[in-house]
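First comes the structure, then the notes that go with it.
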Amino acid sequence: PLGVTTNTFQVTDASGNTATCSFTVTVNDLQNPTITCPANISVSASVGVCNAVVSYTAPVGADNCPSQSTAQTAGLASGASFPTGVTTNTFRVTDGSGNTATCSFTVTVSDNQLPTITCPANISVTVTPGLCNATVSYTAPVGADNCPGQTTTQTAGLASGASFPTGVTTNTFRVTDASANSATCSFT
């Protein structure tokens, strides 16, 4: 078996005299255990949040000799809430002789949800007496997203507090999230 076995022999002559000798047989386990991880996983973030609950079958190592153990050394457990981006899950199996093997797989959570933005209602004003324009103030819209990091920019029109000319001016705002998803709104 694995380990050291001592073999002892004794010889006895006709007069009852004895002699012994011994030697050992050492069997070393130099074979690495094996482990196979699941395939990489790609999912979309759950609606309204910046993560996804992902379940997978955790790998269990095997070895030519019993008493191996498998441990997760990186990543998140099955059933955990994985953040957007790539999470690498690594597992290591170690056998009773200290031989090891590892495997890894990734969980990629993508943010495919569009951000949201709501513009104010259209505004109608009369020109300032004696001028051909009017100063108009409004609350600039700010976009929202399921993941942090969105930015809102005005892509057309004039800023709040500017002097607007007679006629119709269209003010357009765009919100872009950290995953490059975008949405726009406009008002006149």
Side-chain angles (χ1 to χ4, degrees), residues 32-62 68-94 100-125 133-188:
N32 287 335
T34 60
I35 189 168
T36 302
C37 277
N40 294 336
I41 299 170
S42 294
V43 297
S44 294
S46 299
V47 175
V49 295
C50 196
N51 54 54
V53 174
V54 177
S55 295
Y56 58 85
T57 301
V60 176
Q68 74 277 2
S69 62
T70 303
Q72 186 168 6
T73 60
L76 298 171
S78 177
S81 183
F82 285 75
T84 55
V86 179
T87 301
T88 301
N89 298 288
T90 303
F91 291 81
R92 170 176 282 139
V93 56
T94 305
T100 63
T102 60
C103 71
S104 297
F105 69 99
T106 59
V107 173
T108 303
V109 178
S110 300
D111 174 20
N112 298 321
Q113 299 174 53
L114 296 178
T116 58
I117 189 167
T118 303
C119 279
N122 293 335
I123 300 170
S124 293
V125 295
N133 56 44
T135 299
V136 178
S137 294
Y138 59 85
T139 301
V142 177
D145 192 52
N146 60 310
C147 294
Q150 74 276 3
T151 57
T152 303
T153 56
Q154 186 169 5
T155 60
L158 298 171
S160 176
S163 180
F164 283 75
T166 56
V168 177
T169 301
T170 301
N171 296 290
T172 303
F173 291 82
R174 176 183 301 273
V175 57
T176 304
D177 69 14
S179 296
N181 301 308
S182 65
T184 60
C185 71
S186 297
F187 69 98
T188 60

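Along the sequence shown, residues are numbered consecutively beginning with 1.
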Query raised in the report: Measuring from Thr100:OG1 to Asn32:CG, what's the distance to the nearest 0.5 Å?
Result: 6.0 Å

Query raised in the report: For Ser46, does its backbone N or O pair with a side-chain atom of Gln113 as donor and acceptor, under 3.5 Å?
Result: yes

Query raised in the report: Which atom pair, heavy atoms only, marks the closest approach of Ser78 to Ser55?
Result: OG-CA, 3.3 Å

Report summary line: In short, Gly143 meets Thr152 closest at the heavy-atom pair N-OG1, 2.9 Å

**Report entry** Pro141 side chain reached by Thr118 side chain, heavy atoms, under 4.5 Å
**Finding:** no

Requested in this report: Would you indicate whether the side-chain heavy atoms of Thr106 and Thr88 approach each other to under 4.5 Å?
Outcome: yes

Requested in this report: Answer whether the closest heavy-atom distance between the side chains of Asp145 and Val175 falls below 4.5 Å.
Outcome: no

Query - Spacing of OG1 belonging to Thr188 relative to CZ belonging to Phe164, to within rounding of 0.5 Å - result: 10.5 Å

Report task. With the side chain counted from C-beta on, respond yes when Pro115 and Asn181 share a heavy-atom pair under 4.5 Å apart, and no when they do not. Result -> yes

Query raised in the report: Can you find a heavy atom in the side chain of Thr155 that is under 4.5 Å from one in the side chain of Thr184?
Result: no

Query raised in the report: With side chains defined as the heavy atoms from C-beta onward, is the minimum distance between Thr108 and Ser110 less than 4.5 Å?
Result: yes

Query - Rounded distance [0.5 Å steps], CD in Gln150 versus CG in Leu114 - result: 13.0 Å

Query - Short side-chain donor-acceptor distance under 3.5 Å, Asn89 and Gln72 - result: yes

Query raised in the report: Side chains of Ile41 and Val54: closer than 4.5 Å at any heavy-atom pair?
Result: yes

Query - Taking every non-hydrogen atom, the tightest pair across Ser179 and Asp177 - result: N-OD1, 2.9 Å

Report task. Answer with yes or no whether the side chains of Asn112 and Ser44 bring together a donor and an acceptor at under 3.5 Å. Result -> yes

**Report entry** Heavy-atom closest contact (Ala134 atom, Val125 atom, distance)
**Finding:** CB-CG2, 3.9 Å

Query - Within-4.5 Å side-chain heavy-atom neighbours: Asn122 and Phe187 - result: yes

Query raised in the report: Any idea how Phe91 and Phe105 line up, ring-wise: parallel (<30°), tilted (30 to 60°), or perpendicular (>60°)?
Result: parallel

Query raised in the report: What is the minimum heavy-atom distance between Ala62 and Val93, and which atoms define it?
Result: N-CG2, 4.5 Å

